[in-house]
Structures are given as structure tokens and as C-alpha cells.
2 protein chains.
Amino acid sequence: MKKKETVALDSTCSKELMAATDTLTILNGKWKIQIIATLNYSGPLRFMDLQRLIKGIGSKMLSRELQDLETNLLVKRTVLNTRPMTVEYELSPHGKSLERIINSMRLWGKAHRKKIAARN
Amino acid sequence: MKKKETVALDSTCSKELMAATDTLTILNGKWKIQIIATLNYSGPLRFMDLQRLIKGIGSKMLSRELQDLETNLLVKRTVLNTRPMTVEYELSPHGKSLERIINSMRLWGKAHRKKIAARN
DNA sequence: CGGGATCCCACCGGATACTG
DNA sequence: CAGTATCCGGTGGGATCCCG
């Protein structure tokens with residue numbers, strides 16, 4: 001017997017496309033990629049260290065973007081029992097799984113720059 | 001003599017990361033991915049056909065997003081000599097080169113949904 | 001048919017100040 | 001140290017109307 005299709009295939013298959021848009025939305029925001037890349041490169045970092053490493057970001061934005069990433073389980077937040085308090089942020093395995101995609105985007109972006117530059 | 005580094009390698013190598021952010025920016029906007037995927041699937045389409053296929057988009061947004069994509073050389077716009085006028089849009093080869101990335105994002109997005117759903 | 005012009009609002013993101 | 005509160009300008013995107 002014939003296996004039933006799990007997804008209705010309309011012309012654009014927008015149900016499937018939503019997953020791509022989800023990824024875009026999660027990565028969106030002025031600092032998300034830098035935060036992820038910084039944590040991926042440097043390992044666990046405290047709030048202030050992140051702010052120092054990511055040039056130009058304010059504490060409000062850093063805080064909000066980290067909360068977004070934590071909500072999406074990409075970043076783990078750990079409060080250390082010290083005085084004054086310190087908090088460590090680190091990429092979760094799920095967060096690290098973004099490395100391949102970010103790298104693809106980095107490569108495509110570089111190729112794209114050349115295309116645009118050659119456009120005159 | 002020593003070749004000079006073209007990019008200063010700070011801890012996060014933000015110059016390289018910019019290319020990834022570029023890609024994000026180009027793909028950003030509520031409808032870009034749908035437009036690209038629709039053109040990729042259906043081939044050349046007229047303005048109205050696109051609007052019919054992409055449920056919910058208004059003419060203003062469709063127009064603006066298409067202009068963005070055209071500026072970035074992802075889409076080719078062709079005005080046909082008919083009455084009343086018709087315009088055809090199609091993906092450029094450069095635009096088609098996004099297919100792999102969009103597909104990666106689609107797969108990651110699906111995996112991410114499961115992760116989030118299992119979070120309880 | 002293929003858009004542009006206008007209005008409108010929600011949200012993004014920066015600056016500054018403040019708190020436990 | 002690690003944030004939150006507040007204010008504020010800019011932009012994204014929808015609705016509607018209009019034009020060649």
C-alpha cells in the first residue's frame with residue numbers, strides 16, 4: 001500500500017519553509033552570531049568578559065540576546081556562588097550544532113561580497 | 001618579506017563573522033525565503049503569480065522584497081512588452097546558490113523544533 | 001497588471017541611570 | 001558584577017488608496 005505523505009506539497013511547501021525561517025528568526029538580532037561565535041571560540045565566559053570581547057554591545061542588548069539564546073536552549077547560564085556574584089555563559093551542544101550553518105553563511109557571504117563588488 | 005595579514009585576528013574574528021551576518025541580513029525580512037523558494041521551485045513567475053502563491057503577502061512587501069533581492073543580484077527582473085504590462089521574476093544562478101544554505105537552515109529548524117518541544 | 005504613496009503602529013536597539 | 005528600568009529615535013511591515 002501507498003505511504004501517505006506527511007506534508008501536503010503545495011507549490012512552495014511553506015510548512016517546510018517555516019523551519020528555515022525559524023532558524024533565521026533565532027539567529028536574528030544584531031549580536032546573536034557574534035555571541036555564539038565568541039562563546040564557541042572562547043568557551044565559558046562571564047557577562048563582563050562577553051561585553052568586553054564583543055565590541056560595541058551594551059549591557060541591555062547583551063542581556064536580552066543571551067536570554068533569547070537561553071530560551072532557545074542554545075546557551076547555558078550558570079550562576080556561581082561568589083561575592084560579588086558572577087555568571088557564566090556557555091554554548092550548549094545544541095548551540096554548537098549551529099557552527100556548521102554559521103560557517104556556511106560566512107562562506108556564502110564572502111562569495112556574495114565578491115559578486116556585489118564585481119557588479120560595478 | 002613577511003606578508004601582511006589582511007584581517008586582524010582578534011578572539012572572535014569579527015571581520016570574518018560579518019560575512020555571516022551579511023547573509024542573515026540579505027535573507028532577513030518576513031518573505032525573502034518564501035520568495036526565493038517559490039521562484040526556485042516554480043521557475044519564472046509574474047508579480048501576480050508570486051502574490052497568489054505566497055499567501056498573505058501584500059503588493060508593497062512583495063515589491064520591496066523583490067527589489068532587495070534584485071539589488072543583491074539574487075533575482076532577475078524582466079519586463080515583457082505586452083499590454084497590459086507583465087513582469088517576470090526568476091532566480092539568478094547566484095540566487096540558486098542559496099538553496100543549500102536554506103536547506104541546511106530548514107533541517108536545523110526542524111531539529112530545533114523537536115528540541116524545544118521536548119523541553120516541556 | 002505592476003507597482004508607488006501614504007498612514008500607522010509595534011518592535012528593535014542605543015544611551016543613560018539605577019539596583020542587589 | 002550582572003543585570004533592570006526608562007526613554008527615545010529608527011525601521012519593519014500591514015492596510016489602503018492611487019496611478020500608468
Side-chain angles (χ1 to χ4, degrees), chain A residues 14 17-18 20-36 38-39 42-72 75-91, chain B residues 14 17-18 21-36 38-39 42-72 74-91:
Chain A
S14 51
L17 252 29
M18 275 199 52
T21 304
D22 287 348
T23 303
L24 219 49
T25 303
I26 286 165
L27 258 26
N28 200 14
K30 198 175 176 183
W31 308 98
K32 295 259 165 61
I33 288 192
Q34 282 231 20
I35 293 172
I36 293 171
T38 303
L39 287 176
S42 302
L45 287 173
R46 287 174 302 139
F47 191 87
M48 263 325 216
D49 293 331
L50 270 169
Q51 192 167 7
R52 252 188 328 94
L53 287 172
I54 301 174
K55 243 184 173 48
I57 195 171
S59 63
K60 172 185 148 188
M61 273 303 117
L62 180 52
S63 175
R64 284 200 354 192
E65 305 267 65
L66 282 170
Q67 284 176 34
D68 287 355
L69 296 175
E70 197 191 351
T71 299
N72 284 311
V75 158
K76 196 177 75 173
R77 179 177 179 275
T78 312
V79 181
L80 304 178
N81 243 355
T82 56
R83 278 297 316 254
M85 72 181 294
T86 54
V87 180
E88 261 194 8
Y89 292 92
E90 64 183 311
L91 270 192
Chain B
S14 51
L17 253 27
M18 275 198 53
T21 304
D22 287 349
T23 304
L24 219 48
T25 302
I26 287 165
L27 258 26
N28 200 13
K30 197 175 175 182
W31 308 98
K32 296 257 166 63
I33 288 192
Q34 282 230 22
I35 293 173
I36 293 170
T38 302
L39 288 175
S42 302
L45 288 172
R46 286 175 303 138
F47 191 87
M48 266 321 211
D49 294 331
L50 270 170
Q51 191 167 8
R52 253 187 329 94
L53 288 172
I54 302 176
K55 244 185 174 45
I57 195 172
S59 66
K60 171 186 149 189
M61 273 303 116
L62 180 54
S63 175
R64 284 204 347 195
E65 305 267 63
L66 282 170
Q67 285 177 32
D68 287 355
L69 295 175
E70 197 191 353
T71 300
N72 285 311
L74 305 177
V75 159
K76 195 176 75 174
R77 179 177 180 274
T78 312
V79 181
L80 304 178
N81 244 355
T82 57
R83 277 301 313 255
M85 71 181 294
T86 55
V87 180
E88 262 195 5
Y89 292 92
E90 63 183 310
L91 270 193

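Protein chains get the first letters and strands the later ones, always in sequence-line order, with residue 1 at the start of each.
Residue A:Y89 places no side-chain N or O under 4.0 Å from the OP1 or OP2 atom of D:dC1. Residue B:R52 places none of its side-chain N or O atoms closer than 4.0 Å to OP1 or OP2 of C:dC1. Residue B:K60 places no side-chain N or O under 4.0 Å from the OP1 or OP2 atom of D:dG12.
Atom CG in B:L45 sits roughly 15 Å away from atom P in C:dC1 (whole-Å rounding). For A:R77 and D:dC1, the CZ to P distance is 16 Å, given to the nearest whole Å. We find that CZ of A:R46 is positioned 12 Å from P of D:dG3, with the value rounded to whole Å. Protein atom CE of B:M48 is 11 Å distant from nucleotide atom P of C:dG3, rounded to whole Å. One can place CG of A:L66 at 8 Å from P of D:dG3, the figure rounded to the nearest angstrom. One interatomic measurement links the two molecules: CG of B:L62 to C1' of C:dG4, which rounds to 13 Å at whole-angstrom precision. Following rounding to the nearest Å, A:K30 (NZ) and D:dG10 (C1') show an atom-to-atom distance of 12 Å. We find that CD1 of A:I54 is positioned 14 Å from P of D:dA2, with the value rounded to whole Å.
As judged by a 4.0 angstrom heavy-atom cut-off over every strand, A:M61 is placed among the base-contacting residues. B:Q67 comes within 4.0 angstrom of the backbone, heavy atoms only, and of no base. Contacts of B:S63 with the nucleic acid, taken as non-hydrogen atoms under 4.0 Å apart, involve only primed sugar atoms and P, OP1 or OP2. Looking at heavy-atom distances under 4.0 Å, A:R83 makes no contact with the nucleic acid at all. If you check every strand for non-hydrogen atoms under 4.0 Å, B:T86 touches sugar and phosphate atoms only.
Contact of the A:I36 side chain with the A:L27 side chain is registered, since non-hydrogen atoms from C-beta on lie closer than 4.5 Å. Side-chain atoms of B:E90 and B:L39, non-hydrogen and from C-beta on, never get closer than 4.5 Å to each other. Annotation: side chain of B:L66 is in contact with side chain of B:L50 (closest heavy-atom distance under 4.5 Å). With contacts defined as side-chain heavy-atom distances shorter than 4.5 Å, the pair B:L91/B:V75 qualifies. Between B:Q67 and B:R64 there is no side-chain heavy-atom pair separated by less than 4.5 Å.
Nearest-nucleotide assignment on DNA chain D puts the 5′-proximal partner with A:P84, out of A:P84 and A:R64.
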